[in-house]
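Worksheet: one structure, shown below.
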Amino acid sequence: MVEPNYGKLISLNGTNYHKWRRKMKDLLLVKRLHLPVFITQKPENKSDEDWAFEHEMVCGYIRQWVDDSVLNHIANDIHAKTLWDKLETLYASKLDNNKLFL
């Protein structure tokens, strides 16, 4: 079996949020790391400890794909949904305002 090429994911630098978001979402789905980001309740088949670990694992994975300037804002997050929402708050609205200006 051929391993997918993940090297094409771009690093979030603050100006490319929408493109990065689409690619990161796909990557999380492919790696089966999407649940902590995209569901609101812990699955019944997971213990609290396993669910907390999965959140930290996903946060660590996402941090691998952000520039240092972005990392400063999310370095201490351990809840995947909170981290994801924080990135959206920080970067999606700035880009939307830039689009309106153009």
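We count residues from 1, following the sequence as given.
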Discussion item. I want to check something: taking the side chain as every heavy atom from C-beta on, are Lys25 and Val37 in contact at a cut-off of under 4.5 Å?
Written reply: no

Exercise. Are there more than 12 heavy atoms of other residues, nucleotides or ligands under 6.0 Å from atom CD1 of Ile78?
Worked result: no

Carefully, step by step, assess Lys81 and Asp85 under the rule salt bridge (Lys or Arg N to Asp or Glu O under 4.0 Å). CA-CA 6 Å; Lys81 177 73 171 140; Asp85 291 345; 3.0 Å; yes

Return yes if some donor-acceptor pair links the side-chain N/O of Arg21 with the main-chain N/O of Leu87 below 3.5 Å, else return no. no

Counting only heavy atoms from other residues, nucleotides and ligands, does the tally under 6.0 Å from CG of Asn76 exceed 12?
no

CG of Asp67 to CD1 of Ile10, rounded to nearest 0.5 Å, is 9.5 Å

Margin query: Could you tell me if the side chain of Leu27 sits less than 4.5 Å from the side chain of Lys31, heavy atoms only?
Written below: yes

So CD of Glu88 and NE2 of His18: to nearest 0.5 Å the spacing works out to 8.0 Å

Linked, directly or transitively: Phe38 and Tyr61 (ILVMFWY side chains, under 4.5 Å):
yes

Exercise. Compare all side-chain heavy atoms of Tyr17 with those of Leu12 and state whether any distance is below 4.5 angstrom.
Key: yes

Quick check: do Leu28 and Trp84 have side-chain heavy atoms less than 4.5 Å from each other?
yes

To the nearest 0.5 Å, atom CG of Asp48 lies from atom NZ of Lys42 at 4.5 Å

Relative to the ring of His79, is the ring of His55 parallel (under 30°), tilted (30 to 60°) or perpendicular (over 60°)?
parallel

Discussion item. Contact between Ser11 and Trp20 at the side-chain level, heavy atoms closer than 4.5 Å - yes or no?
Written reply: no

Quiz prompt | Whether Lys86 side chain and Ile74 backbone form a donor-acceptor pair below 3.5 Å | solution = no

ILVMFWY cluster, Met57 and Leu35 together (side-chain gap under 4.5 Å):
no

